[in-house]
Amino acid sequence: TCLALHRRMAEMMIAQGHEAAGIEKLRMIAKTHQVRGGIQQAADVFGRIVEYSPIDVETRRRVIELLAQQDRNDEAMAQSVELVELFRQMAEIDHAREALEGALKLSQRNGVDPKWAVRVLSMMGDIDLSRLAWRRALRAYEQLIDLDPENETARSHVIDINLRLGLEKPAAEALDAHLEYLVRAGRAQEALQMLEDLAREYPGKQVLHIRLADAYRAAGRAADAIAQYDALGEIQLDAGQIPEAIRTIETILDMDPPNIEGYQELLRNLKDEK
C-alpha cells in the first residue's frame with residue numbers, strides 16, 4: 001500500500017539493469033495513483049516511464065492527457081511536441097500530423113503561452129509543405145502570421161504557395177504586406193532582391209512584373225523598369241487584356257524610352273482596336 005516505497009523499489013530495479021520489470025512496476029504504481037484520484041502523482045510517474053522509454057507512445061499520450069487535466073499546459077505542450085518529433089523520427093508522418101492537430105487544440109486553451117501555437121503551426125506548415133499539401137500548409141502559415149506577424153519565413157511561404165496555386169490576388173496582398181514590412185525595417189534592398197528572385201522563379205506572373213517594374217522605377221533604374229513593363233505589356237496582350245496593356249505602354253512612354261516611336265505606334269494601334 002506504500003506507493004512511495006514501491007516506486008523506490010522500481011527505480012532500484014531499473015538501476016540494477018532490470019529495466020523492463022522496473023518500468024512495469026512503475027506503470028502499476030501510476031495506474032494505482034490514477035484509480036485513487038492522484039492525477040498529479042500518476043502524471044509524474046507516467047512521465048518517469050517516458051524518461052526511461054522515450055518511444056513509448058501510448059504512455060506519452062497518457063502523460064499529455066493527465067497534464068492537460070491539471071492545466072499543466074506548458075508541460076503538456078512540451079510532451080506533445082516531443083511526441084510529434086518522435087513520430088517524425090520514425091517516419092510516421094500521418095501520426096505526426098495527427099498529433100499536431102491535438103497539440104494545436106491544446107495550445108488554444110486560455111492561459112497557454114502563444115509561443116506553443118506558433119511552434120505547432122510552424123511544424124504543421126513544414127510537414128504539409130514537404131508533402132505538397134499546399135492548401136493545408138497555406139492555412140497553417142496564415143494562422144501563424146496572425147499570431148506572429150513578424151515571422152518572415154511564414155510570410156515568404158504564404159506568398160510562394162499562393163503563386164504556386166495561381167492565386168495572384170492573395171499573393172499580391174501577402175507580397176505587398178511583406179514588402180512594406182521590409183521597407184519599414186530599412187531593408188529596401190532585400191525587398192528588391194526578393195522581387196527579382198520571385199520574378200525569376202515565377203515568370204509570367206503579372207503581379208510580380210508590376211511590382212518589380214515599380215521598384216526599379218523608384219530606384220531610378222529606368223532601363224530595368226522599362227524591360228519589366230515591356231514584359232508585362234506582352235503578357236497582357238497575350239491574355240487579351242487590351243485596356244491594361246494600353247495603361248502599361250502609357251507608363252513606358254512617360255519614361256521616355258529609347259525606341260519611343262515604336263511604343264507610340266503600338267499604342268495607336270491598340271487604341272484603334274479598342
Self-check item: Pair Arg88-Met123, side-chain contact (heavy atoms from CB on, under 4.5 Å): steps then yes or no
Solution: CA-CA 11 Å; Arg88 292 178 75 170; Met123 295 171 77; 3.9 Å; yes
Quiz item: Should Arg131 and Arg136 be marked as a side-chain contact (heavy atoms from CB on, under 4.5 Å) after you check the CA-CA gap, both sets of side-chain angles, and the distance that decides it?
Solution: CA-CA 10 Å; Arg131 304 177 81 185; Arg136 289 179 69 174; 5.6 Å; no
Practice problem: Determine, step by step, whether Asp224 and Tyr229 satisfy the side chain to side chain donor-acceptor pair (under 3.5 Å) criterion, reporting the C-alpha distance in whole Å, the side-chain angles of both residues, the deciding distance to 0.1 Å, and the verdict. | Solution: CA-CA 9 Å; Asp224 290 328; Tyr229 284 128; over 6 Å; no
Practice problem: Please assess Met77 against Arg119 for the test side-chain contact (heavy atoms from CB on, under 4.5 Å), listing each intermediate value before the final yes or no. | Solution: CA-CA 10 Å; Met77 287 303 308; Arg119 186 170 179 183; over 6 Å; no
Exercise. Decide side-chain contact (heavy atoms from CB on, under 4.5 Å) for Gln193 and Glu190; before the verdict, give the C-alpha distance in whole Å, the side-chain angles of both, and the deciding distance to 0.1 Å.
Key: CA-CA 5 Å; Gln193 183 64 55; Glu190 283 184 50; 5.5 Å; no
Exercise. Decide salt bridge (Lys or Arg N to Asp or Glu O under 4.0 Å) for Glu101 and Lys105; before the verdict, give the C-alpha distance in whole Å, the side-chain angles of both, and the deciding distance to 0.1 Å.
Key: CA-CA 6 Å; Glu101 292 286 355; Lys105 290 179 182 177; over 6 Å; no
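Side-chain atoms of Val50 and Gln79, non-hydrogen and from C-beta on, do get closer than 4.5 Å to each other. Side chains of Leu104 and Leu100 form no contact here, defined as non-hydrogen atoms less than 4.5 Å apart. Residues Ser107 and Lys115 form no side-chain contact, since every pair of their non-hydrogen atoms from C-beta on lies 4.5 Å or further apart. Side-chain contact between Phe87 and Val57 is present, with heavy atoms from C-beta onward closer than 4.5 Å. A heavy-atom distance below 4.5 Å is found between the side chains of Gln206 and Gln241. Looking only at side-chain heavy atoms (C-beta outward), Asp126 and Tyr141 come within less than 4.5 Å of each other. Between Leu198 and Leu175 there is a side-chain heavy-atom pair separated by less than 4.5 Å.
The CD atom of Gln69 sits 12.5 Å away from atom CD of Gln40, with the distance rounded to the nearest 0.5 Å. Once rounded to the nearest 0.5 Å, the distance linking CD of Glu265 with CD1 of Ile260 reads 13.0 Å. Rounding to the nearest 0.5 Å gives a distance of 10.0 Å between CG of Leu237 and CD of Glu244. Distance check: Glu150 CD to Tyr181 OH gives 4.5 Å after rounding to the nearest 0.5 Å. A distance of 6.5 Å separates CG of Asn151 from OG of Ser122, quoted to the nearest 0.5 Å. Of the inter-residue distances, the one linking Arg72 atom CZ with Ile39 atom CD1 reads 11.0 Å to the nearest 0.5 angstrom.
Partners of Gln189 under the side-chain contact (heavy atoms from CB on, under 4.5 Å) rule, at least two apart in sequence or in another chain, are Leu192. Under the rule for a side-chain contact (heavy atoms from CB on, under 4.5 Å), the partners of Ala172 that lie at least two apart in sequence or sit in another chain are Val207, Arg211.
Heavy-atom neighbours of Ile55 CD1 from other residues, nucleotides or ligands within 6.0 Å: at or below the threshold of 12. A 6.0 Å sphere centred on CE of Met90 holds more than 12 heavy atoms belonging to other residues, nucleotides or ligands.
Here the closest heavy-atom approach between residue Val112 and residue Leu106 is recorded as CG2-O, 3.7 Å. Minimum heavy-atom separation, Lys205 to Gly166: NZ-CA, 3.9 Å. The heavy-atom pair separating Gly233 from Thr248 by the smallest distance is N-CG2, 3.9 Å. Residues Ser80 and Ala103 approach most closely at CB-CB, 3.9 Å, considering heavy atoms. In terms of heavy-atom proximity, Ala43 sits nearest to Leu67 at CB-CD2, 4.1 Å. The shortest heavy-atom contact between Gln236 and Ala245 is OE1-CA, 3.3 Å.
Between Arg135 and Asp128 there is no salt bridge, since no side-chain nitrogen of the basic residue lies less than 4.0 Å from a carboxylate oxygen of the acidic one. The existence of a salt bridge linking Glu152 and Arg187 is confirmed by a sub-4.0 Å separation between a basic side-chain nitrogen and an acidic carboxylate oxygen. A salt bridge links Glu58 to Arg61: one of the charged nitrogens lies within less than 4.0 Å of a carboxylate oxygen. We find that Glu250 and Lys271 are joined by a salt bridge, their nearest charged nitrogen and carboxylate oxygen being less than 4.0 Å apart. The pair Glu51-Arg48 counts as a salt bridge, with a side-chain nitrogen and a carboxylate oxygen less than 4.0 angstrom apart. Using a cutoff of 4.0 Å between basic side-chain nitrogens and carboxylate oxygens, Asp56 and Arg62 are not scored as salt-bridged. For Arg200 and Asp197, the salt-bridge test passes: some basic side-chain N is under 4.0 Å from an acidic carboxylate O.
Counting only distance, with no hydrogens or angles, the side chain of Ser130 and the backbone of Ile127 share a donor-acceptor pair below 3.5 Å. Remark: side-chain polar atoms of Ser53 are not paired, donor with acceptor, to backbone N or O of Ile49 under 3.5 angstrom. Using modelled atom types, one side-chain atom of Arg60 and one backbone atom of Pro54 make a donor-acceptor pair closer than 3.5 Å. With Asn259 contributing its side chain and Gly262 its backbone, the two residues share no donor-acceptor pair below 3.5 Å.
Transitive grouping of hydrophobic side chains (ILVMFWY, heavy atoms separated by less than 4.5 Å) brings Leu129 and Leu167 into a common cluster. In the hydrophobic cluster analysis, where Ile, Leu, Val, Met, Phe, Trp and Tyr join through side-chain heavy atoms closer than 4.5 angstrom, Leu212 is grouped apart from Ile210. With hydrophobic clusters built from ILVMFWY side chains whose heavy atoms lie under 4.5 angstrom apart, Ile159 does not share a cluster with Ile161.
Asp160 and Tyr202 share a side-chain donor-acceptor pair at under 3.5 Å. Side-chain N/O atoms of Asp74 and Trp116 include a donor and acceptor closer than 3.5 Å. Residues Asp230 and Tyr263 bring a donor and an acceptor atom of their side chains to less than 3.5 Å of each other. Checking Gln70 against Glu75 by side-chain atom types alone, no donor-acceptor pair falls below 3.5 Å.
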